[in-house]
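Okay, structure first, notes after.
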Amino acid sequence: MNTDKKEYGISVIMPCYNTEQYVEETLKSVLNQSFKDYEIICLNDGSTDGTLEILKRYQQSYPNIRVISSENHGIAYQRNTGVQCAQGKYIYYMDSDDLLKENCLETLYQYAEADNLDVVYFEADSFYETKEIEEAFPQFLTLYHRHKEYDGIYDGRNLYIQMENAGDIKMSVGLQFTRHQFLLDNNIKFGMERYFEDNLYTVKVTLKAGKARCVRDNLYLRRVRANSTMTTSENKTRFESYLEVVRGLMQILEEEKQDFVLQEAIYKRIRGTFINVYKDYLKVPEEEKEEFFGEKGSPLYLLTGMASFMNIEEVGRKKVSEKLKKTYAEKSEINEKLQRTYAEKSEINAKLKKAYEEKTERGEKLKKLRKHLKDTKAELEKKSKRLEQLEQEKKQLEKHFLGRFVLEKYNK
């Protein structure tokens with residue numbers, strides 16, 4: 001970083017190529033940020049429309065806007081150039097047709113500063129240029145939302161494994177806020193792919209990050225429009241970019257031999273890339289395939305062959321997965337029946353217990369009654385014996401003269 005120039009809290013790096021229809025709105029969304037300590041580095045990538053004129057006009061009005069213009073090299077080249085020129089503590093990559101919510105930079109800066117983070121990942125909402133594009137690409141509506149929450153601070157490798165396994169890796173660098181010195185220290189740069197340039201970069205950043213955080217804040221507004229890199233049809237350069245991504249991922253896989261769990265996550269990323277290659281391959285007209293992929297043995301030919309193989313494997317895996325889902329569903333149904341049976345059994349046991357307790361209670365009462373009856377009977381027997389004894393004594397007295405006298409006197 002060149003220290004003889006003004007330093008900023010954030011460097012917003014914005015490559016621009018033929019976006020005269022959108023770039024002014026994009027610049028305004030950055031200039032309207034609640035956070036003010038930032039610079040905007042606009043990198044004109046050989047635009048042939050009025051983009052450069054708009055950028056120069058804004059540069060004249062705002063001292064924190066710099067415009068660097070060159071011939072067309074691609075977005076990856078321009079982002080690398082932007083990082084080299086940046087004077088900010090943090091780097092944020094902005095696409096020249098998208099928008100930021102007003103509190104975007106302030107929120108990300110606070111997250112990063114609070115925990116001295118290397119990178120903050122966040123989320124975005126998509127908006128469509130036309131209704132027709134929305135109908136053609138409905139997947140973008142929720143594409144930048146994650147399935148899970150990732151609370152706390154993570155080591156980058158652990159965060160990568162968790163997000164990859166959950167299908168939550170978002171490759172767009174517009175959803176990343178990165179410490180500048182971290183990028184320099186680890187020599188992390190974009191490759192020269194014309195497409196998918198975010199993929200390898202994002203994997204490298206995440207794996208190298210000592211302290212990373214992923215938040216659910218939707219701070220970015222992603223424009224889905226015609227003729228953007230997200231919606232353009234396939235061409236040979238696209239497949240060459242796929243090839244570079246696969247090579248880069250294979251290299252990471254080779255470097256991570258000692259970490260089996262991470263290897264599994266990287267392999268999942270490779271497999272997903274091959275599935276995308278195959279989907280794009282099917283869209284290429286048959287008469288153009290030889291021109292695109294060359295003869296047997298060429299790298300692109302082998303790439304599509306491997307993609308076809310991976311697709312067969314993926315289809316098989318999905319069939320197995322569907323069978324497993326069906327089995328799990330049947331198992332869940334059986335478990336529910338068992339739970340109902342257990343509940344009914346518990347209810348019957350409860351009734352039996354209550355009946356047993358009532359029976360026991362009646363038995364105790366009966367036992368007491370029997371004892372009372374026995375005691376009463378014994379008392380009656382005792383009294384009966386006494387009565388018999390008195391009768392005997394009476395008879396003896398009657399026989400005796402004195403006894404009769406006494407009795408007569410007593411009877412009077």
Side-chain angles (χ1 to χ4, degrees), residues 1-3 5-15 25-43 58 62-66 78-96 98-125 144-146 149-156 159 163 170-186 188-190 198 201-202 204-206 208-222:
M1 185 181 293
N2 190 353
T3 57
K5 296 182 180 180
K6 174 178 171 55
E7 293 187 358
Y8 296 90
I10 302 170
S11 292
V12 178
I13 296 174
M14 190 171 73
E25 185 182 9
T26 298
L27 283 171
K28 286 179 179 178
S29 81
V30 181
L31 292 168
N32 288 333
Q33 288 295 295
S34 56
F35 185 87
K36 299 301 180 183
D37 184 21
Y38 63 87
E39 63 174 343
I40 309 174
I41 304 175
C42 302
L43 300 122
Y58 271 84
Y62 297 91
N64 61 332
I65 293 180
R66 278 192 284 163
Q78 300 298 349
R79 284 174 179 163
N80 287 339
T81 301
V83 172
Q84 291 173 2
C85 301
Q87 299 294 318
K89 183 176 182 179
Y90 296 97
I91 298 293
Y92 180 66
Y93 300 107
M94 180 78 188
D95 283 355
S96 62
D98 294 334
L99 304 173
L100 297 182
K101 292 186 179 180
E102 187 176 341
N103 65 330
C104 176
L105 297 183
E106 181 177 9
T107 301
L108 294 172
Y109 186 86
Q110 288 175 349
Y111 277 132
E113 285 288 285
D115 294 297
N116 192 30
L117 303 177
D118 292 324
V119 60
V120 183
Y121 296 104
F122 57 104
E123 300 185 2
D125 292 324
Y144 304 108
H145 298 167
R146 293 182 173 87
E149 290 190 16
Y150 301 88
D151 294 327
I153 312 303
Y154 286 81
D155 166 82
L159 181 59
M163 289 200 298
K170 304 301 176 185
M171 291 300 178
S172 171
V173 295
L175 305 183
Q176 303 171 27
F177 186 78
T178 317
R179 190 163 56 86
H180 191 179
Q181 195 60 45
F182 160 74
L183 294 176
L184 299 178
D185 291 344
N186 290 278
I188 300 174
K189 298 179 181 179
F190 289 90
D198 293 0
Y201 175 89
T202 297
K204 290 177 182 178
V205 166
T206 312
K208 291 289 186 181
K211 296 178 72 176
R213 185 171 182 183
C214 180
V215 298
R216 298 302 295 268
D217 304 55
N218 299 325
L219 302 172
Y220 194 66
L221 297 172
R222 187 73 153 164

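Position 1 is the first residue of the sequence; numbering continues from there.
Screening I40, I41, L43 for a side chain to side chain contact (heavy atoms under 4.5 Å, CB included) involving R66 leaves a single residue, I41. Here the rule is side chain to side chain donor-acceptor pair (under 3.5 Å) with D198, and of Q176, K170, R79 only R79 fits it.
The distance from the CD1 atom of I188 to the NZ atom of K208 is 7.0 Å, given to the nearest 0.5 Å. Rounding to the nearest 0.5 angstrom, the gap separating the CZ atom in R146 from the SG atom in C214 is 3.5 Å.
Using a 4.5 Å cut-off on side-chain heavy atoms (C-beta onward), V119 and F177 make no contact. Inter-residue side-chain proximity for T206 and Y121 is flagged as met; some heavy-atom pair is nearer than 4.5 Å. Contact annotation: the side chain of R213 never approaches that of Y154 to less than 4.5 Å [non-hydrogen atoms, C-beta and beyond]. Residues L31 and I65 meet the side-chain proximity criterion, which asks for heavy atoms closer than 4.5 Å. Side-chain contact between Y93 and F190 is present, with heavy atoms from C-beta onward closer than 4.5 Å. Side-chain contact between K89 and H180: absent, with no pair of heavy atoms (C-beta onward) separated by less than 4.5 Å.
Legend: residues meeting salt bridge (charged side-chain N to carboxylate O under 4.0 Å, His left out) with E106, ordered by chain and number and at least two apart, are absent. For the side-chain hydrogen bond (donor to acceptor under 3.5 Å, both in side chains) test, no residue two or more places apart in sequence or in another chain qualifies with Y92. Considering only residues two or more places apart in sequence or on other chains, E102 meets the salt bridge (charged side-chain N to carboxylate O under 4.0 Å, His left out) condition with none of them. Here D37 pairs with nothing under the salt bridge (charged side-chain N to carboxylate O under 4.0 Å, His left out) rule; sequence neighbours left out. In this view, Y58 and E24 satisfy the side-chain hydrogen bond (donor to acceptor under 3.5 Å, both in side chains) rule, not counting sequence neighbours. Applying the salt bridge (charged side-chain N to carboxylate O under 4.0 Å, His left out) rule to K189 yields no partners; only residues at least two apart in sequence or on another chain are considered.
Remark: D217 does not engage K101 in a salt bridge, criterion side-chain N to carboxylate O under 4.0 Å.
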